[in-house]
Amino acid sequence: MATFLAILAIAFAALAGLSVREQRRKAARTDQQRRARAFAQTSAACSYIDELNKTRAFPLVPAVNLKVTDGEFSLLFEHCTQYEVMTARAARLRARRRTLRRPRLKVAPIKVNSGDGSADMAHPVGGGELFLTNQRLVFMSAARSTNIMFDDVIGIRGTSDTLAVHTARRRRPYHFTVQNPVLWALLAKMVSSHTPKSPMLPDGMRLHAAPTGIPGEVHLEATRVRGWEPTPATAQA
């Protein structure tokens with residue numbers, strides 16, 4: 001009997017060891033994929049700035065459903081999902097109310113990283129269209145529309161998965177699942193530091209974008225030009 005129990009203990013220990021090793025391998029693969037994704041996003045953001053220097057103008061995107069004001073133009077547009085960090089109970093109550101009004105949004109919660117390194121679960125609010133203009137961020141959907149003026153923004157951060165926007169009026173940030181959060185954060189920081197009046201770059205201005213060595217982080221600087229000069233901005237994943 002003692003021998004049988006000893007064999008069982010050894011077998012359970014071996015299985016536990018295999019499970020731990022498999023979890024570590026899975027975590028390593030996930031981290032490697034995240035770093036590769038962040039590197040690709042960083043490269044794309046730097047390429048965007050290089051092309052901007054060549055063409056001397058922001059590549060404008062159509063704003064069919066967005067009502068723009070005088071002097072406003074759209075820089076980025078993408079279909080995405082908006083997420084909010086909330087408790088599981090609040091998420092269930094919101095899902096129940098949503099089900100009563102319309103079909104339930106079949107999108108799973110995602111884990112988002114906070115600025116202090118902690119992680120929270122963010123639950124979907126709705127799918128829609130996200131616009132970045134030279135004056136604001138606008139999310140339009142059937143569930144909710146969100147208009148974020150840059151005057152109200154206190155922080156913009158691009159993670160490997162989402163664009164996080166902190167405002168003075170909300171305790172928790174907005175999260176949007178765009179394809180390249182680094183590029184969105186970089187341009188949003190650039191135009192929010194000083195609103196460009198025209199899609200054209202001023203004569204003599206040149207933007208310099210370079211990776212910082214941290215995956216997903218890009219540092220942006222501009223040459224001194226009278227009338228329009230964004231402060232140095234860093235988009236971080």
Stepwise side-chain contact (heavy atoms from CB on, under 4.5 Å) check, Leu187 with Tyr48: CA-CA 10 Å; Leu187 290 184; Tyr48 181 99; 3.6 Å; yes
Residues which pass salt bridge (Lys or Arg N to Asp or Glu O under 4.0 Å) with Arg56, listed by chain and number, not counting sequence neighbours: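 None.
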Residues Arg144, Glu84: salt bridge by 4.0 Å N-O rule: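 Salt bridge present between Arg144 and Glu84.
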Ionic contact status for Glu72 with Lys67, cut-off 4.0 Å: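 No, this pair does not count.
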Residue pair Trp184 / Gln179, side-chain donor-acceptor N/O under 3.5 Å: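 Distance-only check fails for Trp184 and Gln179.
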All side chain to side chain donor-acceptor pair (under 3.5 Å) counterparts of Asn65, not counting sequence neighbours: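 Checked Asn65 against side chain to side chain donor-acceptor pair (under 3.5 Å); matches are Glu129.
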Side-chain donor or acceptor of [X] paired with backbone N/O of [Y] under 3.5 Å:
| X | Y | value |
| --- | --- | --- |
| Asp152 | Thr167 | no |
| Asn134 | Gly71 | yes |
| Asn53 | Leu207 | yes |

Derivation and outcome, side-chain contact (heavy atoms from CB on, under 4.5 Å), residues Ile110 and Met121: CA-CA 6 Å; Ile110 60 173; Met121 293 303 297; 5.8 Å; no
Side chain to side chain donor-acceptor pair (under 3.5 Å) between Glu221 and His219, intermediate numbers included: CA-CA 7 Å; Glu221 289 186 348; His219 184 70; 3.1 Å; yes
ILVMFWY cluster membership beyond Val61 - transitive side-chain contacts under 4.5 angstrom: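 Leu66, Val68, Phe77, Phe131, Val138, Met140, all in the cluster of Val61.
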Output field: ring centroids Tyr83/Phe176 closer than 6.0 Å: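 Centroid distance Tyr83-Phe176: not below 6.0 Å, so no.
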